Structures are given as structure tokens and as C-alpha cells.
Amino acid sequence: MNFNNQVAVVTGGAAGIGKSCCLGLAKRGATVIILDKNEDGAKAVAEEIMAAGGVAEGFALDIANVAQIRELVDLIEKKYSKIDILINCAGITQVVKVEDLTEFDWDLMLDIDLKGTFFMSQAVLDVMKKNRFGKIVNIGSVAGEVGGIVVGANYVAAKAGVIGLSKSLAKSAAPYGINVNTVSPGFIDTEMTKTLNQDVNLVPLGRKGTAEEVSDVILFLCSDYARYLTGVNLDVNGGLHMN
Ligand SMILES: NC(=O)c1ccc[n+]([C@@H]2O[C@H](COP(=O)([O-])OP(=O)(O)OC[C@H]3O[C@@H](n4cnc5c(N)ncnc54)[C@H](O)[C@@H]3O)[C@@H](O)[C@H]2O)c1
């Protein structure tokens, strides 16, 4: 698997699953653009890649800000001429009971986890279509498939939305040679889940997954091995939920 001469954009690339995607793509030859609300984190990942001999650049982006998305995608197109790969990893989660969920909680979650994924994809699809090539991977969650295990209804709704949205994007992008797929992780050991009470006894494989075990599957979907896959949702959850 190699991504030589390809330009990859990763949102939420400063940490966790997104960072692991950035390192994996760079190791396999891609130029990696890291976008994250955490600007220092994005730039630190770019430096790590460059120190290892790769090519990368980090930018600040609040994925909930559509104007910022459009401005940045424009800048990336001007500077790098194309985008081959987009991985939408930026996200937040929340543990909240239905009766305590506020309008603020709802809007914040949906703006970041669902609206951000759509408008980032829309902006990048405009660039990919010109090349008649592209791979987009969105991140769902087991929560979106089973109604949540420890997280709130706002997160469940956003992630169920991402799974449906990816299928809609896959249909509209297919005539342009662009594949759009989803990866839905289960219990993965990252900063996001440090304070979550995830019971590994529920996982048939008996442990949490690592960020790399998710990014390996994401990279597979970005590779030529997955050229005939579009509109699929791949569960990476150690058997926690079987479709
Ligand atoms: N870790 C898990 O168990 C798990 C399970 C299912 C799904 N996921 C999903 O995987 C994705 C990555 O999660 P992770 O576990 O790597 O989490 P993480 O917290 O380690 O990384 C998330 C990254 O997104 C960035 N981010 C947050 N809000 C942002 C915003 N408004 N704009 C731009 N960037 C923003 C953060 O700064 C961070 O770098 C998320 O969509 C998450 O919902 C994670």
C-alpha cells in the first residue's frame, strides 16, 4: 500500500485516530495536510512527519465554521493543486442523559460531528471532481448503530447521521470516480475515551482497540485495494457489535 504523489487532508489530525492516519499516510508517501482546532497540535504532527523525512503542513480549523472550511480548502487547492484523500476525523463526544441534554449541547455536537463532516466533504468534493479521483473516509461510531452504550443522544444522532450521509455522498460522487466510505470504531483508547466508562468485558476480543487499529482500516479504504468499495460502513470494534 503506498500513497506516493497523493495529497491527503485529515481533519482532527492533531490527536488520536486522526493523528495515526496522518503518520500512516506520510510513512507511505502522501503529502499530509493536518487540520485541527488545536493549531499547536496540528503543527506538532506536521513537524513529527517532516523530522521523519515526510511532507506535511498543519493549519488551524474549527470544523463547525463553514466559511473557514471553504477558505482553507481554497488555500490547499491553490498550494497543492489537488486533494486525493480526505479523512474526516474531527469530533467530540459527550456523556449526558436525555433529560439533561440542552439545546446548546445538541447544536454543538451536531455542528462539529455532523455538519462539519458534510461541509468539509462538500468543499473537498469540488476539488476532487476536477481530477475525477478521490477517497473520502468519514468516522461514524458503534454508538450510531446501537443507540449508544455510554454516550449521549446528541452523539448517537450525529454518528447515525454520518453513516447515512456517507451513503448519500457515495452515490453523488460515484460518477466522478470518487469513493466515500465510513469507519465505525467501538471502544478505542484515545484522549476522547480516557474518562468514559467503557466496559471491555462487552468486547469479544477482550480489550479496547488502538488508534492504529482504526487508522489501518481507514488507510485500506483510501488505498487501491478498496477501489470497488463505496458507501460501506466498516465496523472496527473487536466484535462489540456485529451487523
Ligand atoms: N475513541 C473512540 O473510542 C471512538 C469511538 C467511535 C468513534 N470515534 C470517533 O473517531 C473520531 C476521532 O476520535 P478520537 O478518539 O481520535 O478523539 P481525539 O479526541 O483523540 O481526537 C479528536 C481530534 O478532533 C479535534 N477537534 C475537536 N473539535 C474540533 C473542531 N471543532 N474542529 C476541528 N477539530 C476538532 C481535536 O482537537 C482532536 O485533535 C471522532 O469522530 C470520534 O467521534 C472515536
Side-chain angles (χ1 to χ4, degrees), residues 9-24 33-46 48 58-69 72-73 86-95 107-121 137-152 154-163 165-166 182-200 202-203 205 207-218 233-238 240-241:
V9 173
V10 182
T11 75
I17 297 166
K19 177 178 176 182
S20 188
C21 289
C22 293
L23 299 180
I33 318 296
I34 303 135
L35 310 180
D36 204 290
K37 196 171 180 180
N38 173 2
E39 183 176 10
D40 289 347
K43 291 193 183 308
V45 173
E48 188 177 334
F59 295 95
L61 170 69
D62 178 356
I63 201 70
N65 185 326
V66 179
Q68 243 183 58
I69 289 176
L72 208 44
V73 171
L86 167 65
I87 302 171
N88 280 307
C89 264
I92 56 166
T93 195
Q94 188 182 12
V95 178
D107 288 345
L108 183 69
M109 184 66 67
L110 273 287
D111 279 357
I112 294 174
D113 285 18
L114 183 57
K115 190 180 89 174
T117 295
F118 174 73
F119 283 101
M120 188 67 203
S121 301
V137 181
N138 295 322
I139 313 301
S141 169
V142 66
E145 299 173 281
V146 305
I149 300 167
V150 285
V151 291
N154 49 349
Y155 184 76
V156 170
K159 291 302 186 178
V162 167
I163 294 168
L165 167 66
S166 297
T182 307
V183 166
S184 285
F187 296 165
I188 310 302
D189 194 10
T190 66
E191 207 50 49
M192 177 180 275
T193 57
K194 282 231 153 67
T195 57
L196 298 189
N197 187 18
Q198 296 176 320
D199 181 3
V200 290
L202 297 173
V203 182
L205 286 182
R207 61 176 177 84
K208 285 190 185 187
T210 65
E212 200 176 2
E213 284 170 327
V214 181
S215 67
D216 281 350
V217 177
I218 296 172
N233 175 35
L234 292 186
D235 288 320
V236 186
N237 62 28
L240 175 61
H241 168 63

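Nothing here was measured: the structure is a model prediction, and the numbers come from that model. We count ligands from 1, going down the list as the structure has it; atoms in each ligand are counted the same way.
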Asks: With a cut-off of 4.0 Å, which atoms of ligand 1 are near a heavy atom of Pro185?
Replies: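 Going through ligand 1 atom by atom, the ones under 4.0 Å from Pro185 are 5 (C), 6 (C), 7 (C).
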
Asks: Can you tell me how far the CD1 atom of Ile112 sits from the CD1 atom of Ile92, to the nearest 0.5 Å?
Replies: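 Atom-to-atom, Ile112:CD1 and Ile92:CD1 are 3.5 Å apart.
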
Asks: So with a 6.0 Å cut-off around CG of Asp199, is the heavy-atom count from everything else above 12?
Replies: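 Result for CG/Asp199: enclosed.
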
Asks: Roughly how far, to the nearest 0.5 Å, is the CD1 atom of Ile17 from the CD1 atom of Ile87?
Replies: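 Going from CD1 on Ile87 over to CD1 on Ile17, the span is 11.0 Å.
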
Asks: Any N or O on Lys37 sitting closer than 3.5 Å to an N or O of ligand 1?
Replies: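 Yes.
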
Asks: To the nearest 0.1 Å, how far is atom 14 (P) of ligand 1 from its closest protein heavy atom, and which atom is that?
Replies: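 Protein heavy atom with the smallest distance to atom 14 (P) of ligand 1: Thr190 OG1, 3.6 Å.
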
Asks: If you measure from the Lys or Arg side-chain nitrogens to the Asp or Glu carboxylate oxygens, is any gap between Lys159 and Glu145 under 4.0 Å?
Replies: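 Between Glu145 and Lys159 there is no salt bridge, as every charged N stays at least 4.0 Å from the carboxylate O atoms.
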
Asks: Tell me whether Gly209 reaches ligand 1 (any heavy atom closer than 4.0 angstrom to a ligand atom).
Replies: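 No; Gly209 lies far enough from ligand 1 that no heavy-atom distance drops under 4.0 Å.
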
Asks: Nearest 0.5 Å please: distance from the SG atom of Cys89 over to the CD1 atom of Ile34.
Replies: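 One finds 12.0 Å between SG of Cys89 and CD1 of Ile34.
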
Asks: With a 4.5 Å cut-off on side-chain heavy atoms, are Gln94 and Tyr155 touching?
Replies: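 When only atoms from C-beta onward are counted, Gln94 and Tyr155 do not touch, as no gap falls below 4.5 Å.
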
Asks: In the protein, what heavy atom is nearest to atom 31 (N) of ligand 1, and what distance, to one decimal place, separates them?
Replies: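 Going by distance alone, atom 31 (N) of ligand 1 is nearest to Asp62 OD1, 3.0 Å.
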
Asks: Mind checking whether Lys159 has a heavy atom under 4.0 Å from ligand 1?
Replies: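 A heavy atom of Lys159 does come that close to ligand 1.
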
Asks: Can you check whether Lys37 reaches Ile63 side chain to side chain, under 4.5 Å on heavy atoms?
Replies: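 Of all side-chain heavy-atom pairs linking Ile63 with Lys37, none is under 4.5 Å.
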
Asks: Decide whether the shortest distance between a heavy atom of Thr93 and an atom of ligand 1 is less than 4.0 Å.
Replies: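 Thr93 does not count as a contact of ligand 1 under the 4.0 Å cut-off.
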
Asks: Out of Asp36, Ile92, Asn38, whose heavy atom sits nearest atom 36 (C) of ligand 1?
Replies: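 Selected option, by shortest heavy-atom distance: Asp36.
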
Asks: For ligand 1, which atoms have a heavy atom of Ala15 less than 4.0 angstrom away?
Replies: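 Within the 4.0 Å cut-off of Ala15, ligand 1 contributes 20 (O), 21 (O), 39 (O).
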
Asks: Contact between Leu61 and ligand 1, counting heavy atoms under 4.0 Å?
Replies: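 In this structure, Leu61 qualifies as a contact of ligand 1 - some heavy atom is under 4.0 Å.
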
Asks: Is the shortest distance from a Lys or Arg side-chain nitrogen in Lys19 or Glu212 to a carboxylate oxygen in the other one below 4.0 Å?
Replies: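 Judged by the 4.0 Å cut-off on N to carboxylate O distance, Lys19 and Glu212 do not form a salt bridge.
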
Asks: Could you pull out, from Ile188, Thr117, Asn138, Val142, the option with a heavy atom nearest to atom 3 (O) of ligand 1?
Replies: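 Heavy atom nearest to atom 3 (O) of ligand 1 belongs to Ile188.
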
Asks: Does some non-hydrogen atom of Gly41 fall short of 4.0 Å from ligand 1?
Replies: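 False for this residue.
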
Asks: For atom 5 (C) of ligand 1, grab the closest protein heavy atom and report residue, atom and distance to one decimal in Å.
Replies: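 Protein heavy atom with the smallest distance to atom 5 (C) of ligand 1: Gly186 O, 3.1 Å.
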
Asks: If the test is side chain to side chain contact (heavy atoms under 4.5 Å, CB included), which one of Val73, Leu86, Leu72 qualifies with Val9?
Replies: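 That would be Leu86; it is the only one of Val73, Leu86, Leu72 passing the side chain to side chain contact (heavy atoms under 4.5 Å, CB included) with Val9.
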
Asks: Looking at Ala14, which atoms of ligand 1 are within less than 4.0 Å of one of its heavy atoms?
Replies: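 That gives atoms 39 (O) of ligand 1.
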
Asks: Regarding atom 32 (N) of ligand 1: of the candidates Leu108, Thr11, Ile63, Val45, which has the closest heavy atom?
Replies: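 Residue with the shortest heavy-atom distance to the ligand atom: Ile63.
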
Asks: I would like to know whether Asp36 and Thr11 meet side-chain hydrogen bond (donor to acceptor under 3.5 Å, both in side chains); could you show each step before the answer?
Replies: CA-CA 6 Å; Asp36 204 290; Thr11 75; over 6 Å; no

Asks: Considering only heavy atoms, which of Lys194, Lys19, Glu191, Met192 lies nearest to atom 42 (C) of ligand 1?
Replies: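 Ranked by closest heavy atom to atom 42 (C) of ligand 1, first place is Met192.
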
Asks: Just need the protein heavy atom nearest to atom 11 (C) of ligand 1, so name the residue and atom and give the distance.
Replies: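 Protein heavy atom at minimum distance: Cys89 O, 3.3 Å.
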
Asks: Checking a contact table here: which protein heavy atom is nearest atom 16 (O) of ligand 1, and how many Å away?
Replies: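 Ranking protein heavy atoms by distance from atom 16 (O) of ligand 1, first comes Ile17 N, 2.8 Å.
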
Asks: Treating Gln198 as the side-chain partner and Phe187 as the backbone partner, does any N or O pair qualify as donor plus acceptor under 3.5 Å?
Replies: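 No.
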
Asks: Taking 4.0 angstrom as the limit and counting only heavy atoms of Gly16, give me the atoms of ligand 1 inside it, by number and element.
Replies: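 With Gly16 as reference, the close atoms of ligand 1 come out as 16 (O), 20 (O).
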
Asks: With side-chain hydrogen bond (donor to acceptor under 3.5 Å, both in side chains) as the test, pick out the partner of Ser184 among Asn138, Asn237, Asp235, Asn233.
Replies: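 By the side-chain hydrogen bond (donor to acceptor under 3.5 Å, both in side chains) criterion, Ser184 pairs with just one of Asn138, Asn237, Asp235, Asn233: Asn233.
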
Asks: Is the closest heavy atom of Gly140 to ligand 1 under 4.0 Å?
Replies: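 So Gly140 counts as touching ligand 1.
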
Asks: Give a yes or no on whether the backbone of Gly41 and the side-chain of Asn38 come within a donor-acceptor separation of less than 3.5 Å.
Replies: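 Yes: the side chain of Asn38 pairs with the backbone of Gly41.
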
Asks: Please could you name the atoms of ligand 1 that Tyr155 approaches to less than 4.0 Å, counting only its heavy atoms?
Replies: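 Near Tyr155, the atoms of ligand 1 are 6 (C), 7 (C), 8 (N), 9 (C), 42 (C), 43 (O).
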
Asks: Could you measure the distance from the CG atom of Leu240 to the CG atom of Leu205? Nearest 0.5 Å is fine.
Replies: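 Here the rounded value is 10.0 Å.
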
Asks: Which heavy atom of the protein is the closest neighbour of atom 27 (C) of ligand 1, given with residue, atom name and distance?
Replies: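 Protein heavy atom with the smallest distance to atom 27 (C) of ligand 1: Gly91 O, 3.5 Å.
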
Asks: Please write down residue, atom name and distance for the protein heavy atom closest to atom 10 (O) of ligand 1.
Replies: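 The closest one turns out to be Ile139 CG2, 3.3 Å.
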
Asks: For atom 2 (C) of ligand 1, grab the closest protein heavy atom and report residue, atom and distance to one decimal in Å.
Replies: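 The closest heavy atom on the protein side is Thr193 CG2, 3.5 Å.
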
